Number of protein chains: 2
Amino acid sequence: MGSAEQPGIVGSIAHRVPDLGALELLLAVARLGSLGAAARELGITQPAASSRIRSMERQLGVALVDRSPRGSRLTDAGALVTDWARRIVEAAAAFDAGAQALRDRRDSRLRVAASMTIAEYLLPGWLLALRAQRPDTAVSLHAGNSAAVAERLLSGEADLGFVEGLTVPGGLDSAVIAHDHLVVVVAPGHVWARRRRSLAASELASTPLILREKGSGTRQVLDTALGGLARPLIELSSTTAVKAAAVSGAGPAVLSELAVGEELALRRLVGIPVEGVALARDLRAVWPTGHRPTGPARELLSLTRG
Amino acid sequence: MGSAEQPGIVGSIAHRVPDLGALELLLAVARLGSLGAAARELGITQPAASSRIRSMERQLGVALVDRSPRGSRLTDAGALVTDWARRIVEAAAAFDAGAQALRDRRDSRLRVAASMTIAEYLLPGWLLALRAQRPDTAVSLHAGNSAAVAERLLSGEADLGFVEGLTVPGGLDSAVIAHDHLVVVVAPGHVWARRRRSLAASELASTPLILREKGSGTRQVLDTALGGLARPLIELSSTTAVKAAAVSGAGPAVLSELAVGEELALRRLVGIPVEGVALARDLRAVWPTGHRPTGPARELLSLTRG
DNA sequence: ACTCCCCATAAGGCCAGTTTATGCCCCCAT
DNA sequence: ATGGGGGCATAAACTGGCCTTATGGGGAGT
């Protein structure tokens with residue numbers, strides 16, 4: 001690492017955060033109460049675990065575990081660190097579940113097609129649950145808009161689909177699996193953030209907004225709710241881009257609450273109540289008319305409803 | 001969460017998920033549109049970035065980036081992977097912000113004391129926001145129950161505190177910064193999950209529950225709401241342990257909605273409405289009477305929306 | 001054509017993490 | 001008391017991944 005130590009602006013966080021293996025090890029230690037047991041579970045030797053925990057403590061500058069000849073318990077700081085670490089590892093598990101489904105395997109027993117918002121925010125969790133229940137089910141995933149989902153289902157390239165629009169594409173049966181609603185959000189510095197009254201539909205319709213492109217489920221719902229009048233300030237091709245633009249203060253955006261939950265909680269964005277507009281939408285599972293999901297597809301479907 | 005730390009048959013997820021540095025690089029490529037530019041931003045050379053992205057694609061079995069002599073753009077699959085990766089990196093950034101506050105003890109310009117739930121779920125995000133706004137503010141953090149927070153403030157060992165109980169400890173002024181409410185949760189297989197009617201307070205009081213230990217803010221609110229009648233099925237010392245017990249079906253648990261948001265969304269737990277019990281509580285910032293927060297403390301306070 | 005910006009490949013170096021091999025400590029059962 | 005076993009630490013050697021430097025090829029604007 002010859003070039004590393006320029007003490008200027010903060011570099012990447014990767015070298016200040018222990019890697020996933022170390023965090024996973026820490027979780028195992030917390031759960032099992034012993035370095036050796038944790039090491040066995042992860043398939044490494046006890047000295048490796050010992051050394052890794054120690055170097056993590058050195059890196060963070062905090063003692064994480066209390067070692068004793070009877071085992072190891074977390075310190076107070078260690079418990080906190082472990083809770084924070086768990087969120088990273090959970091996100092990594094979701095990543096893994098999703099990524100494994102993207103690998104286009106011919107022998108997949110369940111082929112799923114989903115709209116972007118669902119694929120982005122919900123599907124990894126469902127796949128994780130499915131894996132816990134049926135570890136040997138190989139799943140493949142394709143993401144696209146409603147039309148693309150319908151096409152894959154009707155051509156037999158997918159067994160089960162998920163869409164987020166208002167209408168169900170022709171030739172498909174569906175079941176509502178969850179409800180979502182769109183929210184109007186602005187950066188905390190925006191004028192609207194200081195409003196006391198809720199927004200009138202006419203105001204929303206007459207204000208240029210940061211929007212997803214036409215054809216997206218989100219845009220479809222908004223256009224319908226406003227009677228086709230949504231005025232774009234700018235059109236972006238991903239939820240992430242819209243969020244980033246809104247956070248940076250470019251203007252008001254309309255997004256699924258799924259997409260902005262975290263931003264609202266941390267006040268990076270502020271939600272503006274709107275009156276007289278139906279911004280709710282159903283999230284639906286879809287399949288070719290008559291072909292009720294069976295086998296793995298039925299399994300996944302039942303997981304999405306609880 | 002269980003699935004994130006279940007004993008893996010296939011070994012750890014760490015070797016199936018790219019490390020944080022690679023994910024961060026991918027995010028930079030997505031944002032900047034070029035491998036070389038991303039490499040420069042992270043302070044590595046272009047061949048290193050090229051090689052790292054390539055090995056990530058090999059590991060995941062998916063093409064992530066479309067290279068051209070004019071730059072690089074994400075493939076469709078790459079966009080999805082990047083969105084999932086962003087969640088890992090965000091969790092890592094929160095971890096980093098929190099961990100740094102656990103370390104900086106001596107020369108901290110802002111010393112914070114917080115109750116466990118707040119330290120666990122909210123503080124890392126606040127610290128992240130604070131760092132974005134005032135990058136040079138060194139923060140130290142101690143977590144403990146309300147009494148410990150009060151003690152640190154009154155002894156001058158902390159400048160600002162956060163508590164979640166019903167009452168404000170003596171000698172402290174406070175400001176409500178957010179509202180939280182406790183929810184009754186059970187595993188999806190539990191009898192209560194199939195109830196149609198909401199739960200009566202008397203039923204809750206007469207059912208043995210999975211609870212935090214006495215002295216915790218959560219327990220204090222519940223005991224007060226039920227008139228001191230909460231019957232423990234088992235008492236556990238961390239929110240995480242309570243959650244894990246509830247998910248495994250051991251019985252009903254009572255937890256902050258902050259703690260179970262994800263579990264509810266993924267149906268690993270089901271919330272049970274309760275009638276006639278006030279399970280709401282305020283989250284408060286606290287400081288020694290008369291010493292209104294100034295400087296960094298005031299800055300942090302304003303981020304929490306006091 | 002010239003030049004700039006992009007990316008790929010090759011060869012060598014370095015560090016982190018791992019394994020094997022010991023040693024010490026404490027608890028408990030014989 | 002006396003082994004035995006579980007638990008952790010340290011030392012030394014190995015390995016592999018990531019980084020760097022050096023170099024080459026391809027497209028786009030001037």
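Below, read A as the first sequence line, B as the second, and so on, with proteins coming before strands; counting in each chain starts at 1. Just so it is clear, the model here is predicted, and its values are computed rather than measured.
- Within a 6.0 Å radius of CG in Asn145(A), other residues, nucleotides and ligands contribute more than 12 heavy atoms.
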Filtered N/O pairs between nucleotides 21-28 of chain D and protein, under 3.5 Å:
none

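- Of the candidates dT9(C), dT18(C), dT10(D), the closest approach to any side-chain atom of Ser50(B) belongs to dT9(C).
- Rounded to whole Å, atom C1' of dT9(C) lies 17 Å from atom CD1 of Ile53(B).
- With rounding to whole Å, Ile44(B) atom CD1 is found 21 Å from dG13(C) atom P.
- Rounded to an integer number of Å, the gap from CG of Leu20(A) to P of dG17(C) is 13 Å.
- A salt bridge between Lys214(B) and Glu235(B) is absent, with no side-chain N of the basic residue lying under 4.0 Å from a carboxylate O of the acidic one.
- OP1 and OP2 of dT18(C) both lie 4.0 Å or more from every side-chain N or O belonging to Ser51(A).
- Rounding to whole angstrom units, CZ of residue Arg54(B) and C1' of dT9(C) are separated by 10 Å.
- Remark: Glu120(A) does not engage Lys243(A) in a salt bridge, criterion side-chain N to carboxylate O under 4.0 Å.
- One interatomic measurement links the two molecules: CZ of Arg73(B) to P of dC5(C), which rounds to 21 Å at whole-angstrom precision.
- Ion pairing between a basic and an acidic side chain is recognised when a charged N comes within 4.0 Å of a carboxylate O; Asp66(B) and Arg73(B) show no such pairing.
- Panel note: side chain Gln59(B), backbone His15(B); a donor-acceptor pair is recorded below 3.5 Å.
- Closest heavy-atom contact between Leu233(A) and Gly251(A): CD2-CA, 4.3 Å.
- Under 4.0 angstrom from either OP1 or OP2 of dC7(C) there lies at least one side-chain N or O belonging to Ser72(B).
- No side-chain donor-acceptor contact under 3.5 Å links Ser108(A) to the backbone of Leu110(A).
- Rounded to a whole Å, the CD atom of Glu57(B) is 13 Å from the C1' atom of dC7(C).
- Taking the side chain of Ser55(B) as heavy atoms from C-beta on, and the options dA9(D), dC8(D), dC18(D), the nearest nucleotide is dC18(D).
- Scanning residues 58-68 of chain A for heavy-atom distances under 4.0 Å to DNA chain C yields an empty list.
- Atom NE2 in His15(B) sits about 13 Å away from atom P in dT18(C), given to the nearest Å.
- Out of dC8(D), dC18(D), dC19(D), the shortest distance to the side chain of Asp19(B) is found at dC18(D).
- Comparing Arg52(B) and Leu35(A), the nucleotide of DNA chain D nearest to each residue sits closer to the 5' end for Leu35(A).
- In this structure, Arg219(A) and Arg212(A) approach most closely via the heavy-atom pair NH1-O, 2.9 Å.
- With sequence neighbours excluded, no residue satisfies ring pair (Phe, Tyr, Trp, His ring centres under 6.0 Å) with Trp84(B).
- Computed from coordinates, the Glu41(B) CD to dC6(C) C1' distance equals 17 Å when rounded to whole Å.
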